[in-house]
Amino acid sequence: MSKNKIGLAVAQMGPVHLADSRTAVVQRLLEMMREAKARQADLVVFPELALTTFFPRYWMSQEEAETRFFEAQMPNADVQPLFDEARKLGIGFYLGYAELTPEGRPYNTAILVDKSANIVGKYRKVHLPGHVDHKPDAPFQHLEKKFFDVGDKAWGVWDTLGAKIGMALCNDRRWPETWRVMSLQSAEIVVLGYNTPSQNIHWDEPVHLRMHHHLITLQASAYQNCVWAAAAAKCGREDGFHMIGGSVIVSPTGEIAAQASTEEDEVITVQADLDLAKAFRQNVFDFARHRRPEYYQLIVDRVGPGEPLTS
Ligand code: CDV
């Protein structure tokens, strides 16, 4: 039996309404952190934009958004109890929030915090979905492209908590490049949070496909990149706007090891065996032996589809 294990917890959140205070939200996170620790977790993964409602659904000025929903410091007085409890319990965490930098740049950000409550890693979302303009006829907005700048760095991998851990955020999970950039840095675990509305405002997408695509991207990406994937939803009806649940921990086999069954605050845990990926890394996905980057140039040269290559 392998000893190379890490206790992984995903703390899914039910809705956070506009009227909910940061203090009330942090109390919910604290409760789930304690439950994760009681279930032998070393790391607990919280959602994207965990401290507030999913505010990009509302049209407002940048100034109003920054005043109401962004954090100019991390930790700050509202979030400090989470850092204090992590240090006391000896548990690491991933947390998504809206970051306003000292230079005034707005990002959709996630941090990785170790068991001594030090911020060891920061990631700023690269694949921002949605639009910048007001769509008065849409049932709600998706204004990530308006409120956030594109992240200033690629996905990183941090050696902490006994594992090599990479971070992503929500829409990033749908893009194979996200995962490959981290697996080429020897990531063993990829953690991410998400807010996925069940309704697509851009086209009449059948609702069931939202969950289907969420799960197939996580399962295929975990397998193809030989990583554990841990994904935390914020879900349910936030002031009437529904978002999917389905928080999962997926193993490097591509199989779901644990999945949330509610649309409320819920903790799922797995003792993740990091050695499970070895067989895949040494065989079908031995990148050093089998990858052919000389044929992948188009992936970085082209953003969108173009003419076929002629030989
Ligand atoms: N917050 C997100 O990035 N949400 C997107 C939606 C818009 C599709 C997602 O990929 O889940």
Side-chain angles (χ1 to χ4, degrees), residues 10-16 18 25 45-60 65 69-71 94-99 106-111 123-135 138-151 155 166-179 182 190-222 229-239 241-248 250 259-260 263:
V10 164
Q12 172 175 286
M13 296 179 75
V16 175
L18 275 170
V25 170
V45 182
F46 294 118
E48 174 192 44
L49 300 176
L51 301 173
T52 65
T53 199
F54 189 65
F55 65 87
R57 75 167 66 89
Y58 300 108
W59 178 256
M60 70 189 98
F69 301 109
F70 282 64
E71 316 300 320
Y94 161 107
L95 178 75
Y97 65 99
E99 176 193 17
Y107 293 109
N108 186 341
T109 294
I111 48 170
Y123 165 68
R124 293 168 172 152
K125 187 171 178 180
V126 168
H127 293 115
L128 296 174
H131 51 100
V132 290
D133 55 316
H134 188 204
K135 297 194 181 302
F140 54 90
Q141 312 294 302
H142 198 112
L143 295 164
E144 288 194 59
K145 281 195 193 298
K146 169 178 163 68
F147 292 140
F148 301 118
D149 288 358
V150 172
W155 304 268
M167 289 192 280
L169 275 159
C170 196
N171 192 254
D172 286 325
R173 73 196 188 287
R174 303 182 194 273
W175 300 88
E177 295 86 352
T178 300
W179 300 83
M182 286 185 273
V190 170
V191 292
L192 62 94
Y194 60 98
N195 287 263
T196 299
S198 47
Q199 187 180 359
N200 189 329
I201 62 166
H202 302 288
W203 65 283
D204 196 15
E205 182 179 1
V207 170
H208 75 276
L209 287 181
R210 279 295 166 116
M211 182 63 77
H212 177 65
H213 293 152
H214 159 66
L215 294 175
I216 58 168
T217 46
L218 279 156
Q219 292 186 252
S221 303
K234 181 142 65 61
C235 61
R237 287 189 189 282
E238 289 192 336
D239 293 303
F241 297 99
H242 186 260
M243 299 189 293
I244 66 165
S247 299
V248 279
V250 179
Q259 182 167 2
E263 291 184 345

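As the structure lists them, so they are numbered: ligands from 1, and atoms in each ligand from 1.
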Open item on the list: At less than 4.0 angstrom from any atom of ligand 1, which residues have a non-hydrogen atom? List them by chain and residue number.
Closed with: Glu48, Phe54, Lys125, Pro129, His142, Glu144, Cys170, Asn171, Arg173, Arg174, Asn195, Thr196, Arg210
Open item on the list: So, taking the atom named CG in Leu49 and the one named CZ in Phe147, what distance separates them when rounded to the nearest 0.5 Å?
Closed with: 11.5 Å
Task: From Tyr194 atom OH to Lys234 atom NZ, the distance as rounded to the nearest 0.5 Å - done: 12.0 Å
TODO: Among His242, Met13, Arg237, find the one that has a side-chain contact (heavy atoms from CB on, under 4.5 Å) with Glu263.
DONE: His242
Open item on the list: Is it the case that over 12 heavy atoms from other parts of the model lie below 6.0 angstrom from the CH2 atom of Trp59?
Closed with: yes
Open item on the list: Once you measure the plane-to-plane angle for Trp175 and His127, does it fall in the parallel (<30°), tilted (30-60°) or perpendicular (>60°) bin?
Closed with: parallel
Open item on the list: Using 30° and 60° as the class boundaries, would you call the ring planes of Phe69 and Phe55 parallel, tilted or perpendicular?
Closed with: parallel
